[in-house]
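So you know, we letter chains A, B, ... as the sequences are listed, proteins then strands, and number each from 1. None of these values were measured; they are calculated from a predicted model.
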Amino acid sequence: MANIRTMSFDAVIVGGGGSGMRAALQLAQSGYKTAVITKVFPTRSHTVSAQGGITCAIASDDPNDQWQWHMYDTIKGSDYIGDQEAIEYMCQTGPEAIFELEHMGLPFSRTEEGRIYQRPFGGQSKDFGNGGQAARTCAAADRTGHALLHTLYQGNLKNETTFLNEWYAVDIVKNEDNAVVGVVAINIESGETVYVKSKATVFATGGAGRIYASTTNAHICTGDGVGMALRAGFPVQDIEMWQFHPTGIHGAGTLVTEGCRGEGGYLINKDGERFMERYAPNAKDLAGRDVVARSMVLEILEGRGCGENGDHVYLKLDHLGEETLNAKLPGILELSRTFAHADPVKEPIPVVPTCHYMMGGIPTNVDGQALTIDKDGNDQVIQGFYACGEAACVSVHGANRLGGNSLLDLVVFGRASGMFIEKQLREGINLKDARESDIEAAMVSLNRINNSAGGEKASVLRAELQTIMQNYFGVFRRGDFMKEGIEKLNALRPRIENVALEDKSNAFNTARIEALELQNLFATAEATAIAAEGRTESRGAHAREDFQERDDENWLCHSVYFPETKTLGKRGVNFNLKTREAFEPKVRTY
Amino acid sequence: MLNVSIYRYNPEVDSEPYMQDFKVDTQGKDVMVLDVLEKLKAEDPTLTFRRSCREGVCGSDGVNISGKNGLACITPLSEAVKGNKLVIRPLPGLPVIRDLVIDMSQFYAQYEKIQPYMINNTPAPAIERLQSPEERAKLDGLYECILCACCSTACPSFWWNPDKFIGPSGLLQAYRFLADSRDTATEERLANLDDPFSVFRCHGIMNCVQVCPKGLNPTKAIGHIRSMLIRSAT
C-alpha cells in the first residue's frame with residue numbers, strides 16, 4: 001500500500017523559477033486551481049542569477065528593429081538544429097510577453113525616451129546578418145533575472161497561486177495508459193510524502209549544471225526534471241548540448257555577464273592581445289558563446305593563458321570608466337571584488353569557460369506538451385505532461401543558445417504552456433486515476449534511499465561524478481576519451497544507487513534531498529555522455545576533436561536519448577516557418 | 001585549524017539546542033563561511049542549512065556569523081573570524097526548524113501585507129509604460145532586496161512585534177512601490193500603513209543598514225514613508 005495523502009489540483013507546476021512562475025501566473029489568472037511545487041522559496045530559484053538581460057525585438061534601441069532579424073540570429077546561433085517554428089513563435093510573441101512583464105512592474109533600465117534600455121549581446125545582428133551589431137537585450141542593470149523573478153513572484157501573490165514552498169518532487173506518477181497524473185513529493189519541513197494529483201503536470205525544473213565540477217549554476221541545479229522524466233521512461237533531446245559560458249570567474253565559477261562585452265569590455269590573453277579579433281574578425285568578443293569559449297580554451301592550450309598556471313584569460317573593463325561600470329554593471333563590480341578579489345574599475349577579471357546552460361531537455365512542442373517518439377519515428381504527445389524553460393527542449397536553442405534568449409524562452413513558453421493548459425482544462429481533461437500500484441511505482445526510488453543501509457556519502461559520489469563529466473565531456477570532446485568516461489560512469493552507477501542515508505529523520509532532512517538529487521544528476525550525466533559520444537560531428541557547443549566538421553548529411557537533426565535501452569535515436573528538425581520560407585543551413589561565421 | 005562553533009538543533013532528537021564545536025582545516029585560505037559549512041556537511045550530512053546560488057543573489061543562506069547577520073556565501077572568513085573562532089547561529093528572533101534553518105513565515109507574511117506588486121488600473125499601452133531614467137533611478141537601492149531577512153531579524157522592533165511591525169525588509173519593498181512612477185495606488189498603500197505599528201515602530205536603530213548584504217538602506221526608505229504619511233495626514 002502506498003498509504004500516503006493525496007492533494008488534488010487542476011494544474012501542478014514543478015519548479016518556481018521564471019518559466020514555472022510564468023506558467024502558474026497564466027493558470028492562476030484564469031481561476032484554475034494551480035499549485036507550484038518548489039524545492040526552494042521561489043525567489044531563490046536560479047533564474048535570480050541571470051544578469052545581462054532578455055533579448056527581444058521591442059524596437060527601443062533601434063526603432064526599425066525586426067523580430068525576424070532576431071529569429072535569423074537565433075537559428076544561426078543554434079547551428080541550425082533549433083526548431084524554426086518554435087524560434088519564430090518565440091521571437092514574434094516575445095515583445096508582447098516583455099510588455100506584460102513591464103506592466104507587471106519589472107524595473108527595466110530606461111532610455112532617455114523612457115523606453116526599455118537594450119544592450120548589445122553576442123550573436124546579434126541587424127538585417128539578417130548584413131546590418132552590423134544589434135542592441136536587442138532588454139536589461140534591468142545587470143540584475144535582470146532578479147528583477148524578473150521577483151516580479152513574477154509578486155504577480156503570483158497578487159493572483160493567489162498556491163505555493164508548496166520547500167517541497168521536493170521525487171517522481172512522476174503515471175496511470176495505466178502511461179499518461180502523467182501528478183507527482184510524488186516530499187514536504188521538506190515535515191518530511192511528509194504526498195501524492196500531488198493533477199490534470200496537467202508541468203516540469204519547469206531548470207537545468208543541471210551541477211553535473212560539472214565547474215559551473216555558474218546554483219547548488220540546486222541538479223536536473224530533477226530530466227532525472228524524473230528518464231526514470232519514467234521518457235526520452236530527452238539534444239542532451240549532449242551544454243553551453244560553456246566564456247566568462248565564469250576563474251576558481252569560483254560565478255558568472256560574469258556577456259553584457260560586459262556588450263557594453264564594450266573585451267578578452268585579452270597574457271600578452272595583452274585582444275585575441276577574439278583573430279577568431280571572429282567581425283563580431284570579435286560578441287561572437288556566439290560556443291565560438292568565444294573555444295577560442296579561449298585554444299589560447300590557454302597554446303600557452304597564452306594568464307596567471308601563474310596560465311589557466312585563464314582576462315576580461316578587461318577598466319577602459320569603460322567607473323561611472324559606466326557603476327550604472328550598467330553594478331552587480332559585476334560586487335561579484336568580481338568578492339570572488340576574484342579584482343576591482344574591474346582598475347584591473348581585469350580572471351575568467352574561464354564554465355558550464356552554464358543545458359540546451360537539451362524534455363522534448364516538447366510549442367504548446368509545452370512533452371513528446372516521445374514511437375516505433376515508426378513519429379512524435380507522440382505524452383498525455384498530462386508538459387515542460388518549459390531550461391528543463392524543456394522546445395527547441396529554440398538547438399546546439400548553442402544566444403545570450404539573453406533563455407529569459408525570453410522562460411516567459412514565452414511558460415506563458416504558452418499556461419495558455420494551452422488553460423484551453424485544455426476548459427475543454428475538459430479526462431485521465432484515468434492512478435492505481436495504488438502506479439503511486440507505489442513512483443516511490444521505488446525514494447524507498448530505496450530511505451531504506452539505505454551502508455553505502456558511500458553523497459558528497460563524495462557527487463564530486464566523483466562532477467570530475468568525470470568535467471574531464472571527459474567538457475568544451476572539447478573525443479570519442480576514445482568519452483568511451484572511457486562512459487566506463488567510469490558505469491562503474492559509478494551502482495555506488496550512486498546505493499548512496500548512504502544514515503540520517504532517517506523527517507524534519508528538514510537535506511541529506512535525504514541531496515541523495516535524491518544525486519540520482520538526478522547521475523541520470524542527466526549519463527544521458528549527456530551517451531548522446532555526446534553518439535553525435536559524431538561538431539556542431540554548436542558540441543566540439544569533437546575526432547569529428548571536427550559539421551555533418552549536415554547525417555546530423556542536421558535532434559538526438560533523442562531513450563533511457564530504457566540507453567540508446568540514441570534521431571528526430572527531424574522543424575523547418576516549417578509560418579511567415580516565410582525556412583532558413584537553410586549555412587556555414588556559421590562571426 | 002579554525003575553531004568553528006555551530007548552533008545545532010534537531011527537533012526529533014534534541015530536547016534543546018546546543019553549540020557544537022568543530023575544527024576545520026581551511027589551509028589558510030580566506031574562503032567564504034558557506035565553504036566552511038559545505039566542508040562540514042560533507043563530513044556530517046546531518047548539519048542543516050539553506051543555500052543555493054552561492055553568490056549573494058538568492059538570499060537563502062542568511063545566518064548569524066560571529067554575532068552579525070549576513071550571507072554565508074559572500075562573507076569571507078577574514079571578516080567573520082575573531083581570535084581563530086567562527087560562531088554560526090541561525091538568524092535571531094524567528095523560530096528554528098532545525099540547526100541553521102529558521103521558519104520565515106512571519107517575515108514573508110509581513111512582505112505580503114504591503115501588497116508587493118504593481119497596482120495600476122489604467123489601461124496598459126500597447127508597448128511598455130514610459131518611465132524616465134530619473135524616475136527609474138528612484139527604484140535603485142530598493143528593488144535589489146533579496147528577502148534574505150538579515151535586516152528584519154537584526155531589528156529589535158521586529159523581535160518585539162513580528163506580527164505587527166512590517167520590519168525593514170517589508171518597508172523597503174513598500175517604498176519600492178510608493179516610489180515607482182508607474183504605480184497608482186499611493187493613497188491606498190499609505191492608508192494600509194497608517195497605524196501605530198506598521199511603520200512607526202521603527203526607532204531608527206539602523207541595525208538593518210549595518211547588516212544588509214546588498215548595501216541597501218531600509219531606514220532611509222522608512223524615513224520617506226514617514227514623511228509621506230505625515231504629509232498625507234495634513
Applying a strict 4.5 Å limit to non-hydrogen atoms, the region of B/P76 in contact with chain A is neither
Would you call B/M118 and A/M104 a side-chain contact if the rule is heavy atoms closer than 4.5 Å? no
Where does A/F339 contact chain B at under 4.5 Å (heavy atoms): side chain, backbone, both or neither? side chain
Please look at A/I98 and chain B and tell me whether the side chain, the backbone, both or neither of the residue comes under 4.5 angstrom of a heavy atom of that chain. neither
Measure distances from A/A515 to the heavy atoms of chain B and classify the residue's part below 4.5 Å as side chain, backbone, both or neither. neither
So what's closer than 4.5 Å to chain B heavy atoms on A/L101: side chain, backbone, both or neither? neither
Salt bridge or not between A/E102 and B/R129? Use side-chain N to carboxylate O under 4.0 Å. no
For residues B/L147 and A/F41, determine if any side-chain heavy atom of one lies less than 4.5 Å from a side-chain heavy atom of the other. yes
Which atoms of A/N509 are under 4.5 Å from chain B, going by heavy atoms: the side chain, the backbone, both sets, or neither? both
Heavy-atom contact with chain B under 4.5 Å, split by part of A/E100: neither
Looking at B/R98 and A/D503, does any basic side-chain N land under 4.0 Å from a carboxylate oxygen? yes
Against chain A, residues from residues 54-63 of chain B with at least one heavy atom under 4.5 Å, in numeric order, are B/R54, B/E55, B/V57, B/C58, B/G59, B/S60
Please look at B/I74 and chain A and tell me whether the side chain, the backbone, both or neither of the residue comes under 4.5 angstrom of a heavy atom of that chain. both
Sort A/E502 into side chain, backbone, both or neither according to what part of it lies under 4.5 angstrom from a heavy atom of chain B. neither
Between A/E334 and chain B, with a heavy-atom cut-off of 4.5 Å, which part of the residue counts as in contact: side chain, backbone, both or neither? side chain
Only counting residues at least two apart or in another chain, list the ones meeting side chain to side chain donor-acceptor pair (under 3.5 Å) with A/E456. A/R495
Per-residue contact mode, A/T111 against chain B (heavy atom under 4.5 angstrom): backbone
Could you tell me if the ring centre of A/Y153 sits under 6.0 Å from that of B/Y117? no
Side chain, backbone, both or neither: which part of A/S45 has a heavy atom under 4.5 Å from chain B? neither
Residue B/A137 versus chain A: region with a heavy atom under 4.5 Å: neither
In residues 9-29 of chain B, which residues are in contact with chain A at a heavy-atom separation under 4.5 Å? B/N10, B/P11, B/E12
Give me the contact list for residues 36-51 of chain B versus chain A, heavy atoms only, anything under 4.5 Å, ordered by residue number. B/E38, B/K41, B/A42, B/E43, B/P45, B/T46, B/L47, B/T48, B/F49, B/R50, B/R51
Can you tell which part of A/R337 gets under 4.5 Å to a heavy atom of chain B, answering side chain, backbone, both or neither? neither
Using non-hydrogen atoms and a 4.5 Å limit, figure out which bit of A/L335 sits close to chain B: side chain, backbone, both or neither. side chain
Which portion of A/H146 sits near chain B, non-hydrogen atoms under 4.5 angstrom: side chain
